[in-house]
Each structure stands twice: as structure tokens, then as C-alpha cells.
Amino acid sequence: MPAPDLETIVSLAKRRGFVFPSAEIYGGFANAYDYGPLGVELKRNIREAWWRSMVMERDDVVGLDAALITNPQVWVGSGHVANFTDPLVDCKRCQRRFRADHLEEGMYGEVPRDAQGRPLCPFDGGELTEPRQFNMMFRTQVGPVADEANMAYLPPETAQGIFVNFVNVQQTMRRKLPFGIAQTRVSFRNEITPGRFIFRTLEFEQMEMEYFCMPPKDREKPAEYLALHRQWVEERLRWYIDVIGIAPERLRLRDHEKEELSHYSAGTTDIEYLFPWGWGELEGIAARTDFDLRSHAELSGQPLTYFDEESGEHVIPWVIEPAAGLTRTLAVVLLDAYTEEPDEKGEKRIVLKFRPRIAPVKVAVLPLSKNDALRPTARRVYDLLRPLWMTQYDETQSIGRRYRRQDEIGTPCCVTIDFQTVGENGQPGDDCVTIRDRDTQEQVRVPISGLVAALEERIPAARRAGGSACAREIRKRPAVVAGRFACPNGRGQLLRTPARRQASPYSARARTTGSFAARSRGPKCWVRAS
RNA sequence: GCGGAAGUAGCUCAGUGGUAGAGCGCCUCCUUGCCAAGGAGGAGGUCGCGAGUUCGAACCUCGUCUUCCGCUCCA
């Protein structure tokens, strides 16, 4: 079905406790949202799925959690103090807004000018306001005295905490290139533009990884480096399709144009999603070269280098950065999971078809009716499941209504206790319950003693540290079909054919790089979770 | 930040100067034995907030906050 419009999702998100406008009792606050009981679970599940794919299941990436408020020099070294500032001018006549530097750089062609040579509005020649400096970093101060010496920034991105810790991590973890450092945390940007729901907010959570590799032999033609960038682009695209379950037809890759590239980047590819308002960025995979390490080394005076045994030289690693938006992914997951289908009576059934591992609530325990005979057994089943999965118990109103409630929050399995379970009219119960599937609405009857095993078929096992995939999902995964990956969720072929494994671009580190390739491309990654 | 539109119950909305409303949802009781059944009852709104006009304002005026659309911006 086509993607729902944004209002449908915003309304559902609030009605069911996923996302609330922030501080609603005080009239709200622009570009800020609060995550409700289901939203926090959904967010946590996405974050954990990322961490699992990026850190736990890999042997070449380690984690980090750096301070948010830190030495402001970090943001000088990163270039944000200088480059995150836009001089803005407005046309007094038509109210259009421009960046003063864009006018001077000829982005609008030859700009009309007044007698003093100052630029005028390129559209109607109106007078422009004086430029106002606008830095998108939030400032605060540390300690009781509010002066410039105590000034600090809230981080506008996640990457810098990783760069400043490069040597610490590399040495304590005894890492050889290539390796990565991953981090998920909140970032802050003083956006002047209202966002669309949680697509653009003042604070947002990012999931970033910096992948450090040997510098190319030829800075100008870093073919191997760009090939590694391409590998990561494909790896990350597959994550959205295979792990999170986003429809491939609503995902695309977009390479940044030269003019669009950031000050540090040798190339950036965005993974975009088809939002209700058009394509929008979900994740950017940037080839950051050695910009950050070099810049921090120069400013701090500390060498941020890696000693290459083979050549006997200290080198500054080059970096690939897959930077994903966690809160954006959450918006996409809600949009993409939303389905409406007619039921038998022609009524609308709203279902959030989350992947089981992403679903905020995994199981609902529902006695067939609110009857004292059913309750003790139902509570016993609830107590059995609660330590294993996020579980809800509901006995109010009709069973059909409760199924619909669970459909609307995307609960994959409902466990129903009926009179056959507990027995009636003097007949003994069979101690069996039914499991009702969210998507097919089919039911199977299983003994309570086998309930956990039966649910593990459908839901990733909570006992295994969050679980990666459920048994049924793993069985569904075709490895490689005729040399091409097929999509495990049955939605067709992936967008790209995996290239033949090529000779390692980093001959000195062939083994490590090879393991990257095999892991990301080979069939192993499909069956890993079993 | 500019222009336009909007803000009334949890959600969707009606209500054009004179008693605050509907449907759905939610809660309780009864009923109900597998996909949003039915009955009875109930909670919940100083109509975004503040000021003004008026005998009287959800309604008119101004300000303000928030949201949406369009610009603009987006390392």
C-alpha cells in the first residue's frame, strides 16, 4: 500500500503512546518531541539492532560513549565553530532570505548592487538587511560564571567524540587497521526551520561509526578508499532492508554533488527514504578522508597517528563514516510499518507490521473473556512470559477489540486463554493456549509447556541479550540465489548485485579487509543469529 | 525567520455574540465464548495562552505560543 500521510502517523503515535509533542501542557515547544512508553521501546530496539549489527556481530568494530559537553576546542578542530555559522540577510521588500556568502560567491549569478557596492536582492533588487551571524551549535556555560572562558557547546554531531579518542581506543583495544569505533547518542542543532514531525528536531539521536583504514597511496585517486566507501554504503542499505524491514522500493541511494559536499568529504552517499513529502535522508555515508584526525592533531599538537609495522611509518588513517539518524529511522519504521486492510465486515483494520525484533510489545496475553475461571491461568502465562519479552495483559472488553488494539501497536503475537484451556462443566482443561499471528490472524494451539519455544519461533529470544532474529526469520533467509542476494522478507531482489570479492585494496592488511568483505557480502551474515 | 492557514474532550471535528456539543476512544458494572457486538453508568474541555471591545466572547480586535502548507535554511 502507499505510504500513509504524516498526520495519520502523528495521530497514531500520540493516540497509542509512541510520540507526544513535548511539554504539551505548556503549549508545546517547537521541534521537540517526547517519546512515550511504546516509543522508548521502539527506539531502544532500533538502537540495539544497530549496535548488534555494527558492534556485537562484527570483530572489527568497538563501542564508545564520549561526553556530550567537552572542551570547546573540539568544535574548533572539527571546523564547526568556523563553518557551522551562516551569515543571513533578508530582502526588506520580498522577505526572501539568503546567505550573504552565497550572494558574494555568485550562487545567484550577477547580483544587483547599490551605490556603495553592497548586494541587493537578486529577485527584485530590494534592500537587504545587515548580515546576522547564525551558528547552529547550542552554547552553554560550565560553572557559575557566565563568561567566554567557561563557554561550552552542545554537540551538533556524534563523530568528534570518536576522533578525539582515536588513539585511546586503538591502543587500549590493540587494534590494527582497518577497524571502526561506534557510538550512539544525542546531538543538538539550533535549526531555524521547523521539522516534519520527528524528521528534524532540536535534539536527535544518531548512530555513527567511524571506520579507520590505511591511507591511499595516491591522495588524488583513492580508488581503494572509494571502493571501501561503496562497500559500506551497500552494507548499510542492506541493514535497513534486512534487519529493520524497510520496503526496498521506498529506499534509494543518492550520491552528493560536488558542490553539496561537506568541507571534509571526498564523497558522500545518502540513503534516502520516500517520505510522504518526498525523498529524505536517513543516513549519510561520508568519505571523510583524514580531515578530522589531521585537523585535531594540528590544533591539539598531539599526534593522532597509527604505526604501520609493514612500512615502518606513522600514518594518519582515512575514515569512512556511516552516520544514521536513530529518531529518523524510528519515523521511517512507523511510516513503513503502517498498513490498513479491510476486515471481513469491511471495517478498516490498522496494523503496524513491525519486524518482531523491532516491535515495542512482543506478546499480549488475553483471556477470552473477563471470567474468573480464566484469570488464574492467564496470569500464570503472563508471569511466565513477562521476564522474557515485553508483554501486555488485557482482559477488558471483547477479544476482537483487544486484537485490534494489539494490531495497532504492532504486537506480533497474542496468546489467548480460553475455556478449553482451563476446562469447564467438570471436564479437565487441556492446558493449551492459542497463539494468534498479527499479520495472518491465524491461530495455532500449543501446550503452555511448549509456549516459550513456540513463541521463540516467531520472536527473537529475549534471553539471548536482545536477540537478533527469530527462528522462523532465519529459516526464511535465502542465502544467495544465482549469485545474487535475494531479499529475505520476500520483497524481491536487492537494489545492487554484490560485486565479486575483489583483491584487497589494502594489501598489507589483506586478511582483515577480507574478513570485512566476507562478512558483509558472504552468506554468513544471513545465518549469523542462529 | 518570512507568507498563508489552523488551534474546541485522548483522536477526528461541528458549533458566527446569549446554558460546552457529536462520533470514535477511555473507565466501571452487566452481558459477551475468537477478530473493533449490545445495555447502563462515568471520567475528561476555564474552547492554546494573555489582553482588549461588549451587559455578555469559543465566536470580534490585538499580541503571543504551537501546528500544518509554501519559501528560506539544512556539515
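Reckoned from all heavy atoms, side chains included, excluding hydrogens, waters and symmetry mates. We name chains A, B, ... by the order of the sequence lines, and we start the count at 1 in each one.
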task: Between A/Ser11 and A/Leu6, name the one whose nearest nucleotide on RNA chain B is closer to the 5' end.
output: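 It is A/Ser11, whose closest nucleotide lies nearer the 5' terminus.
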message: Judged by each residue's nearest nucleotide on RNA chain B, which is more toward the 5′ side, A/Arg328 or A/Glu408?
response: A/Glu408
Is any NZ, NE, NH1 or NH2 atom of the basic residue among [X] and [Y] found under 4.0 Å from an Asp or Glu carboxylate oxygen of the other?
X	Y	answer
A/Arg185	A/Asp65	no
A/Arg250	A/Asp336	yes
A/Asp418	A/Arg445	yes
A/Arg236	A/Asp270	no
A/Glu205	A/Arg47	yes

Taking any strand in view, what nucleotide pairs with [N] in a Watson-Crick or G-U wobble way, both distances under 3.5 Å?
N	value
B/rA5	B/rU67
B/rC47	none
B/rC60	B/rG52
B/rU28	B/rA40

Value in whole Å for how far the [atom2] atom of [N] lies from [atom1] of [X]:
X	N	atom1	atom2	answer
A/Ile350	B/rU12	CD1	P	12 Å
A/Asp292	B/rA75	CG	P	15 Å
A/Lys348	B/rU12	NZ	C1'	11 Å
A/Arg402	B/rG25	CZ	C1'	16 Å
A/Asp394	B/rG25	CG	P	14 Å
A/Phe163	B/rA75	CZ	C1'	12 Å

message: Donor-acceptor pair, distance only, cut-off 3.5 Å: does the side chain of A/Ser300 make one with the backbone of A/His296?
response: yes
query: Would you say the side chains of A/Glu157 and A/Gln160 form a donor-acceptor pair under 3.5 Å?
result: yes
Separation between the [atom1] atoms of [N] and [M], rounded to whole Å:
N	M	atom1	value
B/rG38	B/rG45	C1'	29 Å
B/rG10	B/rC69	C1'	26 Å
B/rC62	B/rA9	C1'	28 Å
B/rG21	B/rA58	P	13 Å
B/rC59	B/rG18	P	11 Å
B/rU19	B/rC24	C1'	26 Å
B/rA75	B/rA5	C1'	33 Å
B/rG1	B/rC60	C1'	29 Å

query: When A/Asp394 is tested against each of A/Arg405, A/Arg402, A/Lys370 for side-chain hydrogen bond (donor to acceptor under 3.5 Å, both in side chains), which residue passes?
result: A/Arg405
query: Is the cationic atom of A/Arg379 (NZ for Lys, CZ for Arg) positioned less than 6.0 Å from the six-membered ring centroid of A/Tyr393 and within 45 degrees of its normal?
result: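 Here A/Arg379 passes the 6.0 Å and 45° test against A/Tyr393.
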What pairs of nitrogen or oxygen atoms, one from the protein and one from nucleotides 8-10 of chain B, lie under 3.5 Å apart?
from   : atom 1 : to      : atom 2 : distance (Å)
B/rG10 : O3'    : A/Lys14 : NZ     : 3.4

Between the protein and nucleotides 32-35 of chain B, are there any N/O to N/O pairs under 3.5 Å, and if so, what are the atom names and distances?
from   : atom 1 : to       : atom 2 : distance (Å)
B/rG33 : N1     : A/Glu424 : OE1    : 3.3
B/rG33 : N2     : A/Glu424 : OE1    : 3.4
B/rG33 : N2     : A/Glu424 : OE2    : 2.5
B/rC34 : O2     : A/Tyr403 : OH     : 2.7
B/rC34 : O2     : A/Gln443 : OE1    : 3.1
B/rC34 : O2     : A/Gln443 : NE2    : 2.9
B/rC34 : N3     : A/Gln443 : NE2    : 3.1
B/rC34 : N4     : A/Asp418 : OD2    : 2.8
B/rC35 : O2'    : A/Arg404 : NH2    : 3.4
B/rC35 : O2     : A/Arg436 : NH2    : 2.9
B/rC35 : O2     : A/Gln441 : NE2    : 3.2
B/rC35 : N3     : A/Arg436 : NE     : 3.0
B/rC35 : N3     : A/Arg436 : NH2    : 3.3
B/rC35 : N4     : A/Gln441 : O      : 2.7

- prompt: Who passes side chain to side chain donor-acceptor pair (under 3.5 Å) against A/Gln392, sequence neighbours left out?
  reply: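 Partners of A/Gln392 under the side chain to side chain donor-acceptor pair (under 3.5 Å) test: A/Gln406.
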